[in-house]
Amino acid sequence: DLLAELARENAVRAKSIKALKTKVATPAQKDAPNLDMLSTLAHEIRTPLTGMMGLAEMLAARKLDTESRKIAETIQQSGQALDRIVTDTLDFGRLGAGKLKLNVEPADLSDLANELRNLWAPQSRRRGLSLMIGLSPDVPSLIKVDTGRVRQIANNLISNALKFTSRGGVTVSIAVHPVAGRTMLSVEVADTGTGIPDKDKTRLFKAFETGAEPGERLPGWGLGLSISNALAKHLDGSLSVADNPAGGAVFTLLVPVEKARPAELVGGERLKSGRFALGEALLIEDHEPSAFIVTDALTTAGWSVVRAKSLSAARKMTGAKRFQVILTDLHLIDGHAGPFVETLRAGSGLNKTQPIAAITADVSGSVEQVCRAQGFDRVIRKPVQGPALVANLADLLMSHAAGKISRPALRGRLAS
């Protein structure tokens, strides 16, 4: 029974998290965040979170009565909020320890706009608010920037704008323009909410401040704007707030960027759109709820899925049959998937050149670099959600069919 298995997994992970709390920091660690503990905690949370959010996503897609659909959507929203808290907490620790690395790559700003629109439009509709996200007409489509961090800041700003707006809506404007001799990416998030008194504008960028008056309780735990401000500085940019003439507030992110050429998107060659027919995928996953979610998403999209519960089982399967694509969790019951993939790439077997994607709760720059070096073509982040997973694999397989594996992470252009 899937629900029983999910409950069992959550109980086991709860014990692991409790054990983490008993760890005693060394004298050198007492004044700095325990990054090992935070990373382990993030992994332990995100794995069962995949099951929770995936099941809620499946329920919401069914023909339910209004109340049941609202419950399923609320679970999804709560899971997304928890995932953002986990991400912010990890970044808070990495920034404090000076270990947050940037991943500057060519990116398409139209993809960023589409991602933000697809993510936040449903919530704005539920709240009866308008959401307008637009690109400046003269914006270059391709730039070099850490898109993941820009997206993270934009998500925090939009989340806050919707939270504090009860009438009207939120407008997001994305532009690129010269500032003091540099080319700057500008992401402006304006709302028609309650506004921010001058005395609170500086306080909002401090950790654990939620915008509430003493004794007042507001949603959130006060890391979003603090992290966003720190990330903006880490990107050599800035984050500022001003009054919206129409009422409410306007937050503006400025980040230095460089213009990119289309050929830079994929290792010096223009990415071609290859065609592919849906085939058989191998999923290597020992976590039952995660396996159920991934299998359901892929079979619904038209793939045939074979599952291996361990690396030893996967070795037998890949030795006997060629798969269209291989998806594997990084941490499995009988070891790490990295050496398994290295062996596939170094050998002469049936799956030597087939596309392989890693599924992991940790997508820091170093982890992705290690995965690339081991032979993975794509890194997919937990919690896994159906539409994004399907779009990721479609993007990967089109690139593979065109004779070139796409290095940049999916930018959402196929998800809808």
Side-chain angles (χ1 to χ4, degrees), residues 80 84 87-88 91 95 100 102-121 123-124 129-165 168-180 182-193 195-196 201 204-205 211 220 223-246 248-260 408-409 411-413:
Q80 291 166 356
R84 285 195 296 273
T87 299
D88 285 346
D91 286 343
L95 283 165
L100 185 68
L102 297 180
N103 183 31
V104 177
E105 287 186 330
D108 191 328
L109 286 178
S110 63
D111 291 336
L112 173 63
N114 288 333
E115 285 181 355
L116 297 176
R117 186 179 298 109
N118 291 337
L119 177 62
W120 294 106
Q123 182 173 330
S124 65
L129 302 172
S130 66
L131 176 66
M132 293 183 288
I133 299 178
L135 292 171
S136 174
D138 58 348
V139 69
S141 60
L142 298 179
I143 60 169
K144 291 181 182 179
V145 70
D146 189 331
T147 319
R149 297 304 176 187
V150 171
R151 183 190 304 111
Q152 183 179 350
I153 297 171
N155 282 333
N156 276 329
L157 297 180
I158 296 172
S159 175
N160 277 350
L162 291 173
K163 184 191 307 180
F164 292 102
T165 302
V170 174
T171 301
V172 181
S173 304
I174 302 174
V176 174
H177 46 77
V179 176
R182 295 197 297 177
T183 302
M184 303 292 284
L185 167 65
S186 168
V187 180
E188 182 181 279
V189 180
D191 64 67
T192 57
I196 304 170
K201 285 187 173 68
L204 282 179
F205 294 114
L223 267 186
L225 284 178
S226 174
I227 288 292
S228 297
N229 188 44
L231 286 175
K233 292 179 179 177
H234 199 59
L235 291 164
D236 196 26
S238 64
L239 180 62
S240 61
V241 59
D243 294 327
N244 186 351
V250 180
F251 285 84
T252 302
L253 169 68
L254 288 174
V255 176
V257 298
E258 296 179 21
K259 293 182 181 180
R411 297 177 295 277
R413 61 180 178 273

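This one's a predicted model, so the numbers in the text were calculated from it and none came from an experiment.
Scored by the salt bridge (Lys or Arg N to Asp or Glu O under 4.0 Å) test, R182 finds D236 as partners (sequence neighbours excluded). Shown here are the side-chain contact (heavy atoms from CB on, under 4.5 Å) partners of T171, two or more places apart in sequence or in another chain: M132, S173. Judged as a side-chain contact (heavy atoms from CB on, under 4.5 Å), and not counting sequence neighbours, S130 has no contacts. Evaluation of the side-chain contact (heavy atoms from CB on, under 4.5 Å) rule for A246 yields N244 as partners, not counting sequence neighbours. Partners of T183 according to the side-chain contact (heavy atoms from CB on, under 4.5 Å) rule, which considers only residues two or more places apart in sequence or in another chain, are V176, V257.
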Do any side-chain atoms of residues 227-234 form donor-acceptor pairs under 3.5 angstrom with protein atoms, and if so which ones, sequence neighbours left out?
{"from": "S228", "atom 1": "OG", "to": "N156", "atom 2": "ND2", "distance (Å)": "3.3"}
{"from": "S228", "atom 1": "OG", "to": "G224", "atom 2": "O", "distance (Å)": "2.8"}
{"from": "H234", "atom 1": "NE2", "to": "L100", "atom 2": "O", "distance (Å)": "2.7"}

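The shortest non-hydrogen separation linking L162 to W120 is CD1-CE3, 3.7 Å. Residues L131 and S124 share a closest heavy-atom pair of CB-OG, 3.6 Å. Residues T165 and V170 share a closest heavy-atom pair of OG1-CG2, 4.5 Å. A pairwise comparison of heavy atoms in G169 and T192 identifies N-OG1, 3.0 Å as the closest pair. Closest approach of F251 to I196, counting heavy atoms only: CZ-CD1, 3.7 Å. Contact record, I133 with A113: CG2-O, 3.9 Å, taken as the closest heavy-atom pair.
Within the 3.5 Å criterion, the main-chain N or O of L102 finds no donor-acceptor partner in the side chain of R149. Counting only distance, with no hydrogens or angles, the side chain of N103 and the backbone of D146 share no donor-acceptor pair below 3.5 Å.
For the side-chain contact (heavy atoms from CB on, under 4.5 Å) with L109, the lone residue among V145, L142, L185, N114 that qualifies is L185. With V187 as the fixed residue, the side-chain contact (heavy atoms from CB on, under 4.5 Å) test singles out one of L253, T252, I158: L253.
Two residues are said to be in side-chain contact when any heavy atoms from C-beta on lie closer than 4.5 Å; D108 and I143 fail this criterion.
Once rounded to the nearest 0.5 Å, the distance linking CG of N155 with CG of L119 reads 5.5 Å. To the nearest 0.5 Å, atom NZ of residue K163 and atom CG of residue D191 are 12.0 Å apart.
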- request: Apply side chain to side chain contact (heavy atoms under 4.5 Å, CB included) to I153 and L235, showing your working.
  value: CA-CA 11 Å; I153 297 171; L235 291 164; 4.2 Å; yes
Intermediate values then yes/no, side chain to side chain contact (heavy atoms under 4.5 Å, CB included), E105 and T147: CA-CA 8 Å; E105 287 186 330; T147 319; 5.9 Å; no
